[in-house]
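What follows is a single structure, written as structure tokens, with notes after it.
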Amino acid sequence: MSPSPLDRAFYERDVREVAPALLHKLLVRGDRVGRIVEVEAYAGADDPASHAYRGPSPRTATMFGPPGHLYVYFTYGMHWCANAVCGPDGHASAVLLRAVAPEAGLERMRVARLAGPKAPRVLTDRDLCRGPARLCQAFGIERSFDGADLVTGDRGLVIADDGAPAPERVATSTRIGLTAGADRPWRWFVAGDPHVSGPGAVSPRQPPRRRRAG
DNA sequence: ACCGGGATGTTCT
DNA sequence: GAACATCCCGGTG
């Protein structure tokens with residue numbers, strides 16, 4: 001049976017509660033499936049790092065709408081990034097999807113990641129979706145997905161719960177790539193998972209830590 | 001492993 | 001003009 005999409009109430013809570021709860025949920029588009037392993041919270045008008053900090057604009061309109069929709073923005077002249085809108089309608093908080101562990105549809109992801117003039121020369125499975133812009137490219141998420149409803153799946157994209165257990169160890173840190181609001185520890189990731197990007201990432205060859213040699 | 005430079009275009013001062 | 005929720009490549013240890 002196919003996993004069921006998270007419901008509206010899941011997203012309607014405080015963004016700092018929703019963000020860690022998204023770890024180990026599934027991002028699904030058609031045959032492409034990835035397990036969320038790294039997220040960041042952006043707390044709307046209370047958060048100087050949020051695009052919503054200075055009030056609504058055409059670009060951020062989706063963030064100011066109801067929860068459970070996808071806020072997609074374009075950055076660095078090249079890249080798309082995707083967020084799940086959280087909190088009550090008008091609150092404008094969102095969770096940035098920073099990395100997923102690819103679980104299905106890897107060939108289609110690879111084709112998407114290798115399209116375009118700036119494609120990497122070598123691309124491991126580990127790097128298919130490790131980073132917010134990489135995962136968007138792997139899933140084909142761009143401007144037309146801004147506002148997509150993740151609950152109804154109106155554009156063929158959902159976040160779903162397949163019943164997998166929550167991560168055993170969740171680590172936190174400050175958010176990546178910011179100047180304003182850089183001190184707030186609103187990044188959550190699955191400790192020890194090699195598909196995490198940035199600080200805290202574990203190399204795939206790193207052996208699991210032992211408590212004791214015996 | 002870590003660091004620096006370039007690519008590239010929208011948004012805001 | 002400057003900043004920007006990034007990525008890729010090629011240098012150096």
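Labels below follow one simple rule: chain letters A, B, ... track the order of the sequence lines, proteins then strands, and each chain is numbered from 1.
- Computed from coordinates, the A/N83 CG to C/dT6 C1' distance equals 14 Å when rounded to whole Å.
- If you take NE2 of A/H51 and C1' of C/dC4, they are 7 Å apart, rounded to a whole angstrom.
- Picking from B/dT8, C/dC8, C/dA5 the nucleotide with the shortest atom distance to the side chain of A/M78 gives B/dT8.
- Using a 4.0 Å cut-off between charged nitrogen and carboxylate oxygen, A/D162 and A/R35 count as a salt-bridge pair.
- If you take CH2 of A/W80 and P of B/dT10, they are 9 Å apart, rounded to a whole angstrom.
- For A/F74, taking side-chain heavy atoms from C-beta onward, the closest of the listed nucleotides C/dA5, B/dG9, C/dC7 is B/dG9.
- Rounded to whole Å, atom P of C/dC8 lies 11 Å from atom CG of A/L128.
- Rounded to an integer number of Å, the gap from CG of A/L123 to C1' of C/dC8 is 12 Å.
- Phosphate contact (OP1/OP2 of B/dT11, side-chain N/O of A/R54, threshold under 4.0 Å): absent.
- With the nearest nucleotide of DNA chain C identified for both A/V122 and A/L178, A/L178 has the one nearer the 5' end.
- Closest to the side chain of A/R98, from the set B/dT11, B/dA7, C/dT6, is C/dT6.
- Residue A/R121 contributes atom CZ, which lies 18 Å from atom P of C/dC7 at whole-angstrom precision.
- Ranked by how close their nearest DNA chain B nucleotide is to the 5' end, A/H79 and A/P56 are led by A/H79.
- Distances were taken from every side-chain heavy atom of A/Y42 (C-beta onward) to each of B/dG6, C/dT6, C/dA5; the shortest belongs to C/dA5.
- A cation-pi arrangement, defined by a distance under 6.0 Å to the six-membered ring centre and an angle within 45 degrees of its axis, is absent between A/R8 and A/F10.
- Note on A/R59: every side-chain N or O is 4.0 Å or more away from OP1 and OP2 of C/dC4.
- A distance of 8.0 Å separates SG in A/C81 from CG in A/L135, rounded to the nearest 0.5 Å.
- A/S173 contributes atom OG, which lies 13.5 Å from atom CH2 of A/W186 (distance to the nearest 0.5 angstrom).
- The CZ atom of A/R134 sits 6 Å away from the P atom of C/dC7 (whole-angstrom rounding).
- Salt-bridge formation is not detected for the pair A/D146/A/R143: no Lys NZ or Arg NE/NH1/NH2 atom is positioned less than 4.0 Å from an Asp or Glu carboxylate oxygen.
- Between A/R184 and A/D46 no salt bridge is recorded (no basic side-chain N to carboxylate O distance below 4.0 Å).
- Taking every side-chain heavy atom of A/S57 into account, B/dC12 is the closest of C/dC7, B/dC12, C/dA5.
- Using a 4.0 Å heavy-atom distance criterion, A/A49 is classed as a base contact.
- For the pair A/R113 and C/dC8, the criterion of a side-chain N or O lying under 4.0 Å from OP1 or OP2 is met.
- Judged by distance alone with a 3.5 Å cut-off, no donor-acceptor contact links the side chain of A/Y76 to the base of C/dA5.
- Pairing for C/dA5 is absent, judged as Watson-Crick or G-U wobble with the two contacts each under 3.5 Å.
- Of the nucleotides present, none pairs with B/dT8 by Watson-Crick or G-U wobble criteria with both distances under 3.5 Å.
- Rounding to whole angstrom units, NZ of residue A/K118 and C1' of B/dT8 are separated by 9 Å.
- Closest to the side chain of A/L96, out of C/dC4, B/dA7, C/dA5, is C/dA5.
- Close to B/dG9, at under 4.0 Å from its OP1 or OP2, lies no side-chain N or O of A/T75.
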